[in-house]
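The block underneath contains the structure these notes are about, expressed in structure tokens.
Side chains are part of it too, since the values below use all heavy atoms of this structure and drop only hydrogens, waters and symmetry mates. Note that this is a predicted model, so its numbers are computed, not measured. Residue numbers start from 1 in every chain, and the chains themselves are labelled A, B, ... in the order their sequence lines are given, proteins ahead of strands.
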Amino acid sequence: MLDKQGVTGSSPVSPTTFAGRIRTTARTAGTPAHPGFSMPQATPSMTGPDLSRYPGGEALYRLRHSAAHVLATAVTELFPDVKVAGGPPIDSGFYYDFAREQPFTPADLERIEARMREIVAANQPFEFSETSRETERGRFEKAGEKYKLHFLSQIPEGAKVTCYRNGPFLDLCRGPHLASTGELKAFKLTHVAGAYWLGSERNEMLQRIYGTAFATAEELDEHVLRIEESLKRDHRRLGRELDLYSVHEEVGAGLIHWHPRGGMLRHMMEQFWKEEHLKRGYQLVYTPHLASEKLFEISGHLENYADLMYSSMDIDGQPYRVKPMNCPMHVMIYNSRKHSYRELPLRFAELGTVYRYERSGVLHGMERVRGFTQDDSHIFCTPEQMEDEVLGVLDLMDYLLKKFKYEYTCYLATRPKDKSIGSDEEWSFATQALRNALERHRLAYEVDEGGGAFYAPKIDVRLRDALGREWQCPTIQVDLTLPKRFGAFYTGPDGVDHEVVMLHRALYGSLERFVGIYIEHSGGEFPVWLAPTQVMMIPANPKAYEYAADTARLLKEGGVRVETDLRDEKMGAKIRDAELQKIPYMVVVGPREAEAGTVAPRRKGEGQLEPVPRAAFLERIQREIRERS
RNA sequence: GCCCACGUAGCUCAGUCGGUAGAGCAUCUCCAUGGUAAGGAGAGGGUCAUCGGUUCGAUUCCGAUCGUGGGCUCCA
């Protein structure tokens, strides 16, 4: 019953957000259809923000908070018909929400920004006042500010109510702010987007104007530059530039086509994955993409996850579905005969492609898709074996993530308070097994109190990429329901059937998403073992074509993925193109090398290396491939 | 799904206040005997996302659809 919704990426970076940091207990949003891991959800609280945790510190928080007020001041002046909602600082800047019939146009943003500059020039002081709820209610009622009235109503009876005024604009606000608008020097409006009031799609849509602000113009410029840099690493851009994958309107949104280069990258990842799993006692299985609805009735998917499953199709009068998960099939394999405790644990591993309905607005390159391949495994074991099994999974995960040069953080997600199934004994036993395994592995972990799925506790792992963003990929979950639903047993030493313990685990999560994340992590500069093309042979001139071909053959026979650039181009152009294609090694050969039986290698981004005999170069690259370094 | 924006050659983008379109790169051809990040010349290539509407005429205006992008509590 594992839901790896999160592995297709409900949120790329949630944990790095301000909210994620303030609320160390990132709770899991618990809509019934999307249990498992997804966006951390805010815990309602009216206590002030912990400014020390704001990236950039309290000073920046004040600055941006004031910038939001200046924005609202400008907007209410230019568009008197707007109603204001809220406008907090966010990690990357600030925003303010407005209700207005007409959409804000880019031209409006320019006008607003110009007006903001006038407000800054006017150097309006921020005046603070502390009154009562009743006083303010009257004021906001008169102004018809229904959103502010809502915020006001959230403030506990008798608590102090604070307001800030600058120029004509008075806002219910807990501060803090700058002394005056004149202190706001470097700011910029960035974009406008729709945002539901209070984040609920059942509410009306507001217009949110985003901006950013810094203490100095230099920092603002740097920020803009950083955004441009990260845009260059965008997997959608690199995916096209490096010819890795495509998506086609004719096929459908969120459905990935792996091109030969992307396919090779994936193949190498799969090969690595298979090797390591086989080494560790997993067995590979393959299961169908379709199944009779009966299966999903038994598993409970139809009951709980119907809205992420595609609609049924008629096969010989029977309803069938495309599978959204692999687990039920793995249980079918387990249940195909009786099992003795002696043969446990059984570890079934599959790179299983599943299809799930994702709302059109959330699709995103390879990172949020409708068809994806899970590196899915299910471990069937006895309760006594569970802890060791989890330890083994953690070990494999650690090995795998380090090969991709990720650091990561583990979260132990415990029983949800409101809704969960299973007995206290089951929960505490399973949770303790996860905890013990984490501690035996000496992994630092945080407890995500109440963050477990309703059916089981789990360990979620977030990896940190080169840009400092966090992504949830690996997960290990105990399943307290599927063995019951399917009646999965083993015969114990006592000759009696016992319910088997089932662990779900994914390490990459979804291949599509993992590759997308990895493209951005690596900036498309893949290590030699993963690079689709490892070596580009570059003849210095046409006289060397034959020697180039011979050297290419030699490398190919040595297991190296090599291409030869025989275009009618000058060497400089070939080198440039190979560099742009981010091919790790270029090998230049000309008459000189042909004479000496050597090659003149060149490492991407580093330039020329010492000429070496062909065999020595082959050995060097083979070692790099073997070590996956 | 919802709000906003966008969809012109393989890619990045111009352009048309309504009279069926251009550049650079890429591709192809030819020339060039070239040594570590772009040699030169020429050619081909577009139902201007799709379908409807308005119009003498639509790539351009309007609508729908599809797709893409930015967002959709980081809470007064």
Side-chain angles (χ1 to χ4, degrees), chain A residues 13-14 16-23 39-46 48-49 53-55 84-95 97 103-106 133 136 140 147-155 159 161-164 171-175 190-208 210 234 236-237 240-241 243 247-254 357-365 538-544 568-580 586 588-593 600-602 604-605 607-609:
Chain A
V13 288
S14 52
T16 63
T17 62
F18 185 27
R21 274 195 284 268
I22 324 179
R23 302 181 193 94
M39 286 281 288
Q41 208 178 34
T43 32
S45 134
M46 277 302 137
R53 285 178 179 265
Y54 185 74
V84 295
I90 54 174
D91 274 10
S92 59
F94 62 89
Y95 68 78
D97 284 342
F104 290 114
T105 65
R133 227 166 61 158
E136 295 306 331
F140 285 113
Y147 302 105
K148 290 295 173 192
L149 285 168
H150 168 84
F151 288 136
L152 204 59
S153 72
Q154 298 293 302
I155 298 172
V161 170
T162 60
C163 283
Y164 281 81
D171 204 0
L172 174 71
C173 175
R174 62 185 173 201
T190 52
H191 57 288
V192 57
Y196 293 108
W197 165 237
L198 298 178
S200 167
E201 57 195 86
R202 288 166 42 194
N203 293 335
E204 67 268 35
M205 178 73 65
L206 305 175
Q207 294 188 67
R208 174 169 298 177
Y210 284 89
D234 190 301
R236 292 163 301 185
R237 175 178 171 154
R240 190 172 49 242
E241 287 177 356
D243 199 13
V247 178
H248 301 271
E249 198 176 326
E250 296 85 337
V251 180
Y357 174 71
E358 293 279 359
R359 300 200 296 174
S360 61
V362 304
L363 299 174
H364 182 86
I538 299 178
N541 64 50
K543 279 182 200 149
D568 281 346
E569 288 292 344
K570 297 185 96 167
M571 203 177 97
K574 296 183 183 185
I575 288 171
R576 179 182 146 85
D577 289 343
E579 290 272 349
L580 292 176
M586 285 143 277
V588 173
V589 291
R592 289 207 293 267
E593 286 73 23
R602 191 189 154 95
K604 190 212 165 291
Q608 273 181 266
L609 305 172

For A:R592, which residues count as a side chain to side chain donor-acceptor pair (under 3.5 Å) partner, sequence neighbours excluded?
none
List the residues meeting salt bridge (Lys or Arg N to Asp or Glu O under 4.0 Å) with A:E241, not counting sequence neighbours, and say none if there are none.
A:R237
Between the protein and nucleotides 3-6 of chain B, are there any N/O to N/O pairs under 3.5 Å, and if so, what are the atom names and distances?
| unit_1 | atom_1 | unit_2 | atom_2 | d |
| --- | --- | --- | --- | --- |
| B:C3 | O2 | A:G194 | N | 3.1 |

Between atom CG in A:D243 and atom C1' in B:A26, what is the gap in whole Å?
12 Å
Hey, which sits more toward the 5' end of RNA chain B by its nearest nucleotide, A:D234 or A:V588?
A:V588
Polar atoms only, N or O, under 3.5 Å: list the protein pairs with nucleotides 11-15 of chain B and their distances.
| unit_1 | atom_1 | unit_2 | atom_2 | d |
| --- | --- | --- | --- | --- |
| B:C11 | O3' | A:R240 | NE | 3.3 |
| B:U12 | OP1 | A:R240 | NE | 3.4 |
| B:U12 | OP1 | A:R240 | NH2 | 2.9 |

For [X], side-chain contact (heavy atoms from CB on, under 4.5 Å) partners two or more places apart:
X	value
A:R576	A:L580
A:E579	A:I575, A:M586, A:R602, A:K604
A:R208	A:Y95, A:D97, A:A195, A:Y210
A:S153	A:H150

Distances under 3.5 Å between protein N/O atoms and the N/O atoms of nucleotides 27-32 of chain B, please, pair by pair.
| unit_1 | atom_1 | unit_2 | atom_2 | d |
| --- | --- | --- | --- | --- |
| B:A32 | N6 | A:D568 | OD2 | 3.3 |

Sub-3.5 Å pairs of nitrogen or oxygen atoms, protein against nucleotides 62-67 of chain B:
| unit_1 | atom_1 | unit_2 | atom_2 | d |
| --- | --- | --- | --- | --- |
| B:C66 | O2' | A:E249 | OE2 | 3.2 |
| B:C66 | O2 | A:E249 | OE2 | 3.1 |

Based on Watson-Crick and G-U pairs with both distances under 3.5 Å, what dot-bracket line describes RNA chain B 5' to 3', crossing pairs as [ ] and inter-strand pairs as |?
(((((((..((((.....[..)))).(((((.......))))).....(((((..]....))))))))))))....
Qualifying residues under ring pair (Phe, Tyr, Trp, His ring centres under 6.0 Å), relative to A:Y164, sequence neighbours excluded:
A:F128, A:H177
